[in-house]
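Written out below as C-alpha coordinates is the structure these notes cover.
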Amino acid sequence: MKLKVASKILDANERIARDNRKIFSDAGVYVINLMSSPGAGKTSLLETTITALKNSLKVGVIEGDVAGTDDAIRIDRLGVPVVQINTGGACHLDANMIYEVLGDLPLSGLDILFIENVGNLVCPAEFKVGEDIKVMILSIAEGHDKPLKYPLMFQESAALIINKMDLKPYLEVDVEKIKRDALSLNPSIRIFELSCKSGEGVEQWTAWLQTLTS
Amino acid sequence: MHEVSIADSLLKIAVDECKKNGCRIILNVKVCIGKASGVMPEALLFAFDALKAETIAEGATLTIEEVPVAGHCSACNADFTAPESYVLCCPQCGSSAYTLHEGRELDIKELEVE
Ligand SMILES: Nc1nc2c(ncn2[C@@H]2O[C@H](COP(=O)(O)OP(=O)(O)OP(=O)(O)O)[C@@H](O)[C@H]2O)c(=O)[nH]1
Ligand SMILES: [Mg+2]
Ligand SMILES: [Zn+2]
Ligand SMILES: [Zn+2]
(Lines give C-alpha, C1' and ligand atoms only; values in the text may rest on other atoms or scores of the structure.)
(Ligands and ions follow the chains in the order given, each with its own letter.)
Protein backbone atom coordinates (compact mmCIF):
# COMPACT_ATOMS: atom_id res chain seq x y z
CA MET A 1 0.00 0.00 0.00
CA LYS A 2 1.20 3.52 -0.80
CA LEU A 3 0.93 6.37 1.69
CA LYS A 4 1.23 9.99 0.57
CA VAL A 5 3.14 11.89 3.22
CA ALA A 6 4.16 15.35 2.00
CA SER A 7 6.00 16.59 5.05
CA LYS A 8 9.32 18.32 5.47
CA ILE A 9 12.08 16.08 6.77
CA LEU A 10 13.19 18.88 9.09
CA ASP A 11 9.65 19.63 10.21
CA ALA A 12 10.33 18.68 13.83
CA ASN A 13 13.25 21.09 13.94
CA GLU A 14 11.23 23.89 12.35
CA ARG A 15 8.42 23.47 14.86
CA ILE A 16 10.81 23.78 17.79
CA ALA A 17 12.53 26.74 16.09
CA ARG A 18 9.13 28.49 15.91
CA ASP A 19 8.57 27.81 19.63
CA ASN A 20 11.99 29.27 20.45
CA ARG A 21 11.25 32.27 18.27
CA LYS A 22 8.07 32.95 20.24
CA ILE A 23 9.92 32.68 23.56
CA PHE A 24 12.55 35.14 22.30
CA SER A 25 10.08 37.67 21.01
CA ASP A 26 7.98 37.47 24.19
CA ALA A 27 11.15 38.18 26.17
CA GLY A 28 12.00 41.08 23.86
CA VAL A 29 15.43 39.77 22.93
CA TYR A 30 16.89 40.04 19.42
CA VAL A 31 18.66 36.81 18.42
CA ILE A 32 21.56 36.42 16.01
CA ASN A 33 22.75 33.02 14.79
CA LEU A 34 26.48 33.52 14.14
CA MET A 35 28.07 31.12 11.68
CA SER A 36 31.48 30.60 10.04
CA SER A 37 34.08 27.98 9.35
CA PRO A 38 36.30 26.98 12.31
CA GLY A 39 38.60 29.78 13.35
CA ALA A 40 37.18 32.58 11.17
CA GLY A 41 36.72 34.64 14.32
CA LYS A 42 33.25 34.09 15.81
CA THR A 43 34.37 34.19 19.43
CA SER A 44 36.79 37.05 18.69
CA LEU A 45 33.97 39.06 17.11
CA LEU A 46 31.78 38.41 20.15
CA GLU A 47 34.56 39.57 22.48
CA THR A 48 35.09 42.72 20.42
CA THR A 49 31.36 43.39 20.12
CA ILE A 50 30.58 42.83 23.79
CA THR A 51 33.40 45.14 24.81
CA ALA A 52 32.20 47.84 22.43
CA LEU A 53 28.53 47.58 23.43
CA LYS A 54 28.94 46.93 27.14
CA ASN A 55 27.53 50.27 28.20
CA SER A 56 24.65 50.42 25.74
CA LEU A 57 23.21 46.90 25.27
CA LYS A 58 22.70 43.86 27.48
CA VAL A 59 24.25 40.95 25.63
CA GLY A 60 23.96 37.20 26.24
CA VAL A 61 25.72 34.35 24.46
CA ILE A 62 25.09 30.69 23.70
CA GLU A 63 28.28 28.92 22.64
CA GLY A 64 27.98 25.86 20.44
CA ASP A 65 30.98 23.60 20.02
CA VAL A 66 31.48 19.93 19.32
CA ALA A 67 33.40 19.70 22.61
CA GLY A 68 35.05 21.87 25.25
CA THR A 69 34.26 25.05 27.15
CA ASP A 70 37.08 27.30 25.87
CA ASP A 71 34.78 29.73 24.08
CA ALA A 72 32.34 30.05 26.99
CA ILE A 73 35.26 30.76 29.32
CA ARG A 74 36.42 33.57 27.00
CA ILE A 75 32.93 35.13 27.06
CA ASP A 76 32.45 34.58 30.80
CA ARG A 77 35.56 36.69 31.44
CA LEU A 78 33.71 39.67 30.00
CA GLY A 79 30.99 39.32 32.62
CA VAL A 80 28.03 38.57 30.35
CA PRO A 81 25.64 35.60 30.72
CA VAL A 82 26.87 32.63 28.69
CA VAL A 83 25.86 29.00 28.26
CA GLN A 84 27.98 26.35 26.56
CA ILE A 85 26.37 23.64 24.44
CA ASN A 86 28.47 20.64 23.44
CA THR A 87 26.96 18.88 20.45
CA GLY A 88 28.98 15.73 21.08
CA GLY A 89 29.89 15.31 17.43
CA ALA A 90 27.03 17.00 15.58
CA CYS A 91 28.29 19.52 13.04
CA HIS A 92 25.59 22.14 13.72
CA LEU A 93 23.25 23.40 16.44
CA ASP A 94 19.60 22.48 16.10
CA ALA A 95 16.49 24.07 17.59
CA ASN A 96 16.10 21.50 20.35
CA MET A 97 19.63 22.03 21.65
CA ILE A 98 18.80 25.73 22.02
CA TYR A 99 15.40 25.02 23.61
CA GLU A 100 17.04 22.91 26.30
CA VAL A 101 19.31 25.72 27.55
CA LEU A 102 16.83 28.60 27.43
CA GLY A 103 16.11 28.27 31.14
CA ASP A 104 19.78 28.94 31.90
CA LEU A 105 19.72 32.48 30.51
CA PRO A 106 18.06 35.64 31.90
CA LEU A 107 16.30 36.18 28.58
CA SER A 108 13.98 39.02 29.54
CA GLY A 109 16.94 41.02 30.87
CA LEU A 110 18.77 40.83 27.52
CA ASP A 111 18.62 43.11 24.48
CA ILE A 112 20.55 40.82 22.21
CA LEU A 113 21.47 37.14 22.27
CA PHE A 114 24.26 35.75 20.09
CA ILE A 115 24.25 32.07 19.30
CA GLU A 116 27.74 31.03 18.18
CA ASN A 117 27.17 28.02 15.95
CA VAL A 118 29.58 25.13 15.45
CA GLY A 119 32.45 26.07 13.11
CA ASN A 120 31.25 24.77 9.73
CA LEU A 121 30.44 26.58 6.47
CA VAL A 122 27.88 24.02 5.33
CA CYS A 123 25.03 22.86 7.48
CA PRO A 124 24.45 25.43 10.23
CA ALA A 125 22.73 27.39 7.44
CA GLU A 126 20.10 24.67 7.05
CA PHE A 127 18.93 24.43 10.65
CA LYS A 128 16.81 27.23 12.05
CA VAL A 129 17.21 27.63 15.78
CA GLY A 130 14.68 30.43 16.36
CA GLU A 131 16.91 33.37 15.44
CA ASP A 132 15.84 36.74 14.04
CA ILE A 133 18.72 36.76 11.58
CA LYS A 134 21.76 34.76 10.57
CA VAL A 135 25.12 36.50 10.33
CA MET A 136 28.20 34.85 8.86
CA ILE A 137 31.89 35.57 9.08
CA LEU A 138 34.42 34.84 6.37
CA SER A 139 38.05 35.56 7.21
CA ILE A 140 40.12 36.66 4.25
CA ALA A 141 42.67 33.91 4.97
CA GLU A 142 40.07 31.39 3.76
CA GLY A 143 40.30 32.68 0.17
CA HIS A 144 38.01 34.48 -2.24
CA ASP A 145 36.47 31.34 -3.76
CA LYS A 146 34.28 30.61 -0.74
CA PRO A 147 30.99 32.29 -1.76
CA LEU A 148 30.68 30.11 -4.85
CA LYS A 149 31.82 26.96 -3.06
CA TYR A 150 29.45 27.38 -0.12
CA PRO A 151 26.56 29.39 -1.58
CA LEU A 152 23.85 28.40 0.88
CA MET A 153 25.32 30.18 3.88
CA PHE A 154 25.80 33.38 1.88
CA GLN A 155 22.19 33.15 0.65
CA GLU A 156 20.80 32.63 4.14
CA SER A 157 22.74 35.37 5.94
CA ALA A 158 21.46 38.89 6.49
CA ALA A 159 25.02 40.10 6.97
CA LEU A 160 28.51 39.00 5.98
CA ILE A 161 31.48 40.01 8.08
CA ILE A 162 34.77 39.88 6.24
CA ASN A 163 37.24 39.46 9.09
CA LYS A 164 41.01 39.58 9.56
CA MET A 165 41.36 42.57 7.23
CA ASP A 166 44.62 43.36 9.06
CA LEU A 167 46.15 40.36 7.23
CA LYS A 168 45.39 41.75 3.77
CA PRO A 169 48.96 42.91 3.02
CA TYR A 170 50.22 39.36 3.55
CA LEU A 171 47.63 37.48 1.50
CA GLU A 172 46.78 37.17 -2.14
CA VAL A 173 43.08 37.51 -1.73
CA ASP A 174 40.59 39.43 -3.86
CA VAL A 175 38.24 40.98 -1.30
CA GLU A 176 36.26 42.71 -4.06
CA LYS A 177 35.49 39.31 -5.58
CA ILE A 178 34.21 38.04 -2.23
CA LYS A 179 31.88 41.03 -2.04
CA ARG A 180 30.78 40.78 -5.67
CA ASP A 181 29.97 37.06 -5.45
CA ALA A 182 28.24 37.39 -2.09
CA LEU A 183 26.04 40.17 -3.47
CA SER A 184 25.25 38.13 -6.58
CA LEU A 185 24.13 35.22 -4.42
CA ASN A 186 22.23 37.48 -2.07
CA PRO A 187 21.57 41.04 -3.29
CA SER A 188 20.32 42.20 0.11
CA ILE A 189 23.26 40.97 2.21
CA ARG A 190 24.96 43.66 4.36
CA ILE A 191 28.75 43.49 4.20
CA PHE A 192 31.15 44.68 6.91
CA GLU A 193 34.93 44.54 6.45
CA LEU A 194 36.71 44.55 9.76
CA SER A 195 39.51 43.27 11.92
CA CYS A 196 38.86 41.96 15.40
CA LYS A 197 42.56 42.37 16.04
CA SER A 198 43.09 46.02 15.05
CA GLY A 199 39.51 47.11 15.62
CA GLU A 200 39.22 48.74 12.17
CA GLY A 201 35.69 48.61 10.82
CA VAL A 202 34.14 47.40 14.07
CA GLU A 203 32.24 50.63 14.61
CA GLN A 204 30.09 50.25 11.49
CA TRP A 205 29.13 46.75 12.62
CA THR A 206 28.20 47.76 16.16
CA ALA A 207 26.28 50.78 14.86
CA TRP A 208 24.24 48.44 12.67
CA LEU A 209 23.55 46.16 15.66
CA GLN A 210 22.24 49.17 17.56
CA THR A 211 19.77 49.94 14.78
CA LEU A 212 18.52 46.33 14.85
CA THR A 213 17.76 46.36 18.54
CA SER A 214 16.41 49.88 18.93
CA MET B 1 27.60 16.95 6.04
CA HIS B 2 24.90 15.91 8.50
CA GLU B 3 23.15 13.35 6.36
CA VAL B 4 23.01 11.08 9.39
CA SER B 5 20.72 13.45 11.28
CA ILE B 6 18.62 13.95 8.14
CA ALA B 7 18.30 10.16 7.71
CA ASP B 8 17.40 9.85 11.38
CA SER B 9 14.57 12.42 11.11
CA LEU B 10 13.42 10.80 7.90
CA LEU B 11 13.20 7.36 9.51
CA LYS B 12 11.33 8.75 12.52
CA ILE B 13 8.70 10.35 10.29
CA ALA B 14 8.38 7.21 8.15
CA VAL B 15 8.01 4.88 11.15
CA ASP B 16 5.43 7.18 12.78
CA GLU B 17 3.38 7.45 9.59
CA CYS B 18 3.50 3.71 9.03
CA LYS B 19 2.30 2.88 12.54
CA LYS B 20 -0.31 5.62 12.49
CA ASN B 21 -1.84 3.89 9.48
CA GLY B 22 -1.84 0.51 11.19
CA CYS B 23 0.93 -0.96 9.04
CA ARG B 24 3.92 -3.00 10.18
CA ILE B 25 6.62 -2.87 7.53
CA ILE B 26 8.11 -0.12 5.38
CA LEU B 27 9.15 -1.24 1.89
CA ASN B 28 10.11 2.04 0.27
CA VAL B 29 10.56 5.69 1.21
CA LYS B 30 10.41 8.35 -1.48
CA VAL B 31 11.98 11.76 -0.90
CA CYS B 32 12.62 14.95 -2.87
CA ILE B 33 16.03 16.53 -2.28
CA GLY B 34 16.75 19.96 -3.75
CA LYS B 35 20.12 20.47 -5.39
CA ALA B 36 20.67 23.53 -3.20
CA SER B 37 19.65 21.77 0.01
CA GLY B 38 23.23 20.91 0.90
CA VAL B 39 22.38 17.22 1.21
CA MET B 40 24.35 14.73 -0.88
CA PRO B 41 22.14 11.89 -2.17
CA GLU B 42 24.89 9.24 -1.91
CA ALA B 43 25.62 10.17 1.68
CA LEU B 44 21.92 10.14 2.53
CA LEU B 45 21.50 6.67 1.03
CA PHE B 46 24.48 5.43 3.00
CA ALA B 47 23.17 6.90 6.27
CA PHE B 48 19.65 5.56 5.65
CA ASP B 49 20.99 2.03 5.09
CA ALA B 50 23.08 2.25 8.24
CA LEU B 51 20.25 3.50 10.47
CA LYS B 52 17.36 1.36 9.22
CA ALA B 53 18.70 -1.87 10.79
CA GLU B 54 16.48 -3.23 13.54
CA THR B 55 13.59 -0.90 12.68
CA ILE B 56 10.39 -1.64 10.77
CA ALA B 57 12.19 -0.08 7.79
CA GLU B 58 14.92 -2.73 7.92
CA GLY B 59 14.11 -3.97 4.42
CA ALA B 60 13.20 -0.58 2.95
CA THR B 61 14.75 1.07 -0.08
CA LEU B 62 15.16 4.84 -0.35
CA THR B 63 14.22 6.54 -3.61
CA ILE B 64 15.66 10.03 -4.04
CA GLU B 65 14.28 12.46 -6.58
CA GLU B 66 16.66 15.38 -7.09
CA VAL B 67 15.05 18.78 -7.65
CA PRO B 68 17.02 21.37 -9.66
CA VAL B 69 17.28 25.00 -8.64
CA ALA B 70 14.48 26.96 -10.32
CA GLY B 71 13.49 30.58 -10.21
CA HIS B 72 11.73 33.52 -11.78
CA CYS B 73 13.24 36.78 -13.02
CA SER B 74 11.15 39.91 -12.56
CA ALA B 75 13.33 41.92 -14.98
CA CYS B 76 12.70 39.78 -18.07
CA ASN B 77 9.79 37.75 -16.71
CA ALA B 78 11.51 34.43 -17.47
CA ASP B 79 11.17 31.20 -15.51
CA PHE B 80 14.45 29.32 -15.41
CA THR B 81 16.22 26.28 -13.98
CA ALA B 82 19.92 26.27 -13.16
CA PRO B 83 22.46 23.53 -13.79
CA GLU B 84 24.38 24.40 -10.60
CA SER B 85 23.37 24.35 -6.96
CA TYR B 86 23.21 28.16 -7.00
CA VAL B 87 22.32 31.13 -9.19
CA LEU B 88 24.32 34.35 -9.50
CA CYS B 89 22.01 36.20 -11.87
CA CYS B 90 19.14 35.50 -14.24
CA PRO B 91 20.51 33.10 -16.90
CA GLN B 92 18.36 34.84 -19.55
CA CYS B 93 19.10 38.52 -19.00
CA GLY B 94 21.76 38.71 -16.27
CA SER B 95 19.60 40.68 -13.83
CA SER B 96 19.86 40.13 -10.08
CA ALA B 97 16.11 40.73 -9.68
CA TYR B 98 15.35 37.05 -9.45
CA THR B 99 13.69 34.88 -6.81
CA LEU B 100 14.27 31.16 -6.36
CA HIS B 101 11.31 28.92 -5.62
CA GLU B 102 12.73 25.43 -5.99
CA GLY B 103 15.93 23.64 -5.11
CA ARG B 104 15.90 23.76 -1.29
CA GLU B 105 13.50 20.83 -0.80
CA LEU B 106 14.08 18.23 1.90
CA ASP B 107 10.69 16.56 1.70
CA ILE B 108 9.33 13.11 2.34
CA LYS B 109 6.74 12.33 -0.32
CA GLU B 110 5.49 8.79 -0.19
CA LEU B 111 5.84 5.52 1.68
CA GLU B 112 5.19 2.02 0.52
CA VAL B 113 4.05 -0.03 3.51
CA GLU B 114 2.45 -3.32 4.43
N1 LIG C 1 45.08 38.52 12.55
C2 LIG C 1 43.84 38.34 12.99
N3 LIG C 1 43.55 37.24 13.72
C4 LIG C 1 42.28 37.09 14.17
C5 LIG C 1 41.26 38.05 13.91
N6 LIG C 1 40.11 37.60 14.46
C7 LIG C 1 40.40 36.41 15.05
N8 LIG C 1 41.71 36.10 14.89
C9 LIG C 1 42.41 34.90 15.38
O10 LIG C 1 41.86 33.75 14.74
C11 LIG C 1 41.89 32.64 15.63
C12 LIG C 1 40.50 32.01 15.73
O13 LIG C 1 39.60 32.96 16.31
P14 LIG C 1 38.28 32.52 17.09
O15 LIG C 1 37.58 33.79 17.45
O16 LIG C 1 38.59 31.57 18.18
O17 LIG C 1 37.50 31.78 15.93
P18 LIG C 1 36.12 30.97 16.00
O19 LIG C 1 35.42 31.21 14.71
O20 LIG C 1 35.39 31.33 17.24
O21 LIG C 1 36.65 29.47 16.08
P22 LIG C 1 35.80 28.14 16.47
O23 LIG C 1 34.87 28.50 17.58
O24 LIG C 1 36.84 27.18 16.90
O25 LIG C 1 35.11 27.72 15.22
C26 LIG C 1 42.40 33.15 16.95
O27 LIG C 1 43.77 32.84 17.05
C28 LIG C 1 42.19 34.66 16.85
O29 LIG C 1 43.12 35.37 17.62
C30 LIG C 1 41.61 39.20 13.15
O31 LIG C 1 40.80 40.08 12.84
N32 LIG C 1 42.91 39.28 12.70
MG1 LIG D 1 34.60 30.10 18.75
ZN1 LIG E 1 25.42 19.52 10.42
ZN1 LIG F 1 15.95 37.93 -16.50
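So that the names make sense, note that chain A is the first sequence line, chain B the second, and so on, each numbered from 1.
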Worksheet item: Most heavy-atom pairs under 4.5 angstrom with chain A, which of B:Asn28, B:Ile6, B:Val31?
Response: B:Ile6
Worksheet item: Do you know which two heavy atoms are closest between A:Phe127 and B:Ser5, and how far apart they sit?
Response: CZ-OG, 4.2 Å
Worksheet item: What's the shortest heavy-atom distance between B:Leu100 and A:Gln155, and which atoms?
Response: CD1-NE2, 4.2 Å
Item to complete: Give, as side chain, backbone, both or neither, the part of A:Leu185 having an atom under 4.5 angstrom from any heavy atom of chain B.
Response: both
Item to complete: Check whether any side-chain heavy atom of B:Glu84 lies under 4.5 Å from a side-chain heavy atom of A:Leu148, and answer yes or no.
Response: no
Worksheet entry | Spacing of CG belonging to B:Asp8 relative to CD1 belonging to A:Ile9, to within rounding of 0.5 Å | 11.5 Å
Worksheet entry | Side chain / backbone / both / neither for B:Glu112 at chain A, heavy atoms under 4.5 Å | both
Worksheet item: Under 6.0 Å from the NZ atom of A:Lys128, do we count more than 12 heavy atoms belonging to anything else shown?
Response: no
Discussion item. I need the B:Asp107 CG to A:Leu10 CG distance, nearest 0.5 Å.
Written reply: 9.5 Å
Worksheet item: Has B:Phe80 got more than 12 heavy atoms of other residues, nucleotides or ligands less than 6.0 Å from its CZ?
Response: yes
Discussion item. Counting C-beta onward and ignoring hydrogens, is there a side-chain heavy-atom pair between A:Glu126 and B:Val39 closer than 4.5 Å?
Written reply: yes
Discussion item. Can you tell me how far apart CE (A:Met1) and SG (B:Cys18) are? Round to the nearest 0.5 Å.
Written reply: 7.5 Å
Worksheet item: More than 12 heavy atoms of other residues, nucleotides or ligands under 6.0 Å from CD of A:Glu203: is that the case?
Response: no
Worksheet item: Can you check whether A:Ser7 reaches B:Glu17 side chain to side chain, under 4.5 Å on heavy atoms?
Response: no
Worksheet entry | Smallest separation among heavy atoms of A:Pro151 and B:Ser85, with atom names | CG-OG, 4.2 Å
Worksheet, complete the sentence: NE2 (B:His2) and OG1 (A:Thr87) are apart, to the nearest 0.5 Å, by 13.0 Å
Worksheet item: By a 4.5 Å heavy-atom criterion (distance strictly below it), what part of B:Leu27 contacts chain A: side chain, backbone, both, or neither?
Response: neither
Practice prompt. Inspect the surroundings of CD in B:Glu54 and state if more than 12 heavy atoms from other residues, nucleotides or ligands are less than 6.0 Å away.
Written response: no
Discussion item. Taking side chain as everything from C-beta outward and backbone as N, CA, C, O, which of these in A:Tyr150 sits under 4.5 Å from a heavy atom of chain B? Side chain, backbone, both or neither.
Written reply: neither
Worksheet entry | Spacing of A:Lys4 atom NZ and B:Leu111 atom CG [to the nearest 0.5 Å] | 10.0 Å
Response to the item:
Under 4.5 Å to a heavy atom of chain A? For B:Cys32 that would be neither
Item to complete: Drop me the distance from A:Lys2's NZ to B:Lys109's NZ, to the nearest 0.5 angstrom.
Response: 14.5 Å
Worksheet entry | Portion of B:Val113 that has a non-hydrogen atom of chain A nearer than 4.5 angstrom | both
Worksheet entry | Structural part of B:Ile13 lying under 4.5 Å from a heavy atom of chain A | side chain
